[in-house]
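First up is the structure itself, then whatever we jot down about it.
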Amino acid sequence: MAISTGDSVTLEYIGRLDDDETIFDTSREDVAAETGLAEAQPDREFAPLTVEVGAEEVIEGMDEGLVGLESGETATLTIPPEKAYGERTDERVREFETEQLREMLGGQLPEEGDQLEAQGGQLGDVVHVDEEVVRVDFNPDLAGETLEFEIEILNVD
């Protein structure tokens, strides 16, 4: 039976950057151990993923790519940025007055490379700090990247 919108699908996956094949995510414990993901994310359980197709539980390109596949099938999905995390944009890089940000952080001043959490929970990377301004990049880490997912459909309900 082919997967359609609304189906519950359990799958294994390996996510790679399309340009250099760097593995950035996986459900497979052995791949996570091999690539250092398990060490970098020690509290994470690497296990099959179950999603409802079309419920926006995964990126748009994954949702679309699952439709039509069947239980037991393997496939490689290539997902462009506009169907994944979008393109990198300057609008997502925000500037804060250095003193104002220092006050907001209880007297601390972030350094380049630090990560800050905005009031809405969004994470951003500090990319510039000087006496007057701090720039924080709120682009998702995978923005602008074409992603490739090697998937295996384990079960369809």
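Since this is a predicted model, take the numbers as computed values, not measurements.
A salt bridge does not link Arg135 to Asp90: none of the charged nitrogens lies less than 4.0 Å from a carboxylate oxygen. For Arg88 and Asp137, the salt-bridge test passes: some basic side-chain N is under 4.0 Å from an acidic carboxylate O.
Within a 6.0 Å radius of CD in Glu45, other residues, nucleotides and ligands contribute 12 heavy atoms or fewer. Counting heavy-atom neighbours within 6.0 Å of Glu112 CD, excluding the residue itself, gives a total above 12. Shown here is Gln108, whose CD atom has no more than 12 heavy atoms of other residues, nucleotides or ligands within 6.0 Å.
The distance from the CZ atom of Arg92 to the CZ atom of Arg94 is 9.5 Å, given to the nearest 0.5 Å. Of the inter-residue distances, the one linking Thr50 atom OG1 with Asn155 atom CG reads 8.0 Å to the nearest 0.5 angstrom. Leu66 CG to Glu73 CD: the interatomic distance, rounded to the nearest 0.5 Å, is 10.5 Å. Atoms OG1 and CD, on Thr10 and Glu152 in that order, are 11.5 Å from each other to the nearest 0.5 Å. Within the model, atoms CD of Glu39 and OG1 of Thr35 stand 10.5 Å from one another, a figure rounded to the nearest 0.5 Å.
Taking hydrophobic clusters as Ile, Leu, Val, Met, Phe, Trp and Tyr residues chained together by side-chain heavy-atom distances below 4.5 Å, Met62 does not share a cluster with Phe46. Note on Leu69 and Leu49: same hydrophobic cluster, where clusters join Ile, Leu, Val, Met, Phe, Trp and Tyr whose side-chain heavy atoms are under 4.5 Å apart, directly or indirectly. Val58 and Ile153 fall within a single hydrophobic cluster, where Ile, Leu, Val, Met, Phe, Trp and Tyr side chains are chained together by heavy-atom contacts under 4.5 Å. Linking Ile, Leu, Val, Met, Phe, Trp and Tyr residues whenever their side-chain heavy atoms come within less than 4.5 Å places Val156 and Leu77 in a single cluster. Transitive grouping of hydrophobic side chains (ILVMFWY, heavy atoms separated by less than 4.5 Å) keeps Val67 and Leu154 in distinct clusters.
Of the candidates Arg16, Glu148, Arg28, Arg16 is the only one forming a side chain to side chain contact (heavy atoms under 4.5 Å, CB included) with Ile23. Paired with Phe24 under the rule ring pair (Phe, Tyr, Trp, His ring centres under 6.0 Å), one option of Phe149, Tyr85, Tyr13 passes, and it is Phe149.
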For this session: Check the pair Thr26, Leu37 against side-chain contact (heavy atoms from CB on, under 4.5 Å), reporting the backbone distance first and the verdict last.
Result: CA-CA 8 Å; Thr26 186; Leu37 289 172; 4.0 Å; yes
For this session: Take His128 and Val133 through the test side-chain contact (heavy atoms from CB on, under 4.5 Å) and record every step on the way to the result.
Result: CA-CA 8 Å; His128 174 82; Val133 73; 3.9 Å; yes
Exercise. Going through the checks in order, is the side-chain contact (heavy atoms from CB on, under 4.5 Å) test met by Val51 and Ser8?
Worked result: CA-CA 6 Å; Val51 298; Ser8 177; over 6 Å; no
For this session: Go through Glu97 and Glu132 one step at a time and tell me if the side-chain contact (heavy atoms from CB on, under 4.5 Å) criterion holds.
Result: CA-CA 6 Å; Glu97 291 180 19; Glu132 286 152 34; over 6 Å; no
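Looking at Glu52 and Glu57, their side chains come closer than 4.5 Å, going by heavy atoms from C-beta outward. Residues Leu11 and Pro48 have side chains not in contact (no heavy-atom distance under 4.5 Å, counting atoms from C-beta outward). Using a 4.5 Å cut-off on side-chain heavy atoms (C-beta onward), Leu17 and Leu147 make contact.
At distances below 3.5 Å, not a single donor-acceptor pair connects side-chain atoms of Asp125 with backbone N or O atoms of Gly113. Side-chain atoms of Thr98 come within 3.5 Å of backbone atoms of Asp130 as a donor-acceptor pair (strictly under, hydrogens ignored). The backbone N or O of Gly124 lies less than 3.5 Å from no partner atom in the side chain of Gln115, so there is not a single donor-acceptor pair.
Shown here for Glu60 and Glu82, the closest heavy-atom pair between the two residues is OE1-O, 4.0 Å. Asn139 and Glu87 make their closest contact through OD1-O, 4.0 Å (heavy atoms, listed as atom of the first residue, atom of the second, distance). The two residues Ala2 and Gly68 make their nearest non-hydrogen contact at CB-O, 3.8 Å.
Members clustered with Val129: Phe96, Leu101, Met104, Leu105, Leu109, Leu116, Val126, Val134, Val136, Phe138, by chain and number, using a 4.5 Å side-chain heavy-atom cutoff among hydrophobic residues.
Side-chain contact check for Glu12 and Ser27: at least one donor-acceptor pair (N or O, by modelled atom type) lies under 3.5 Å.
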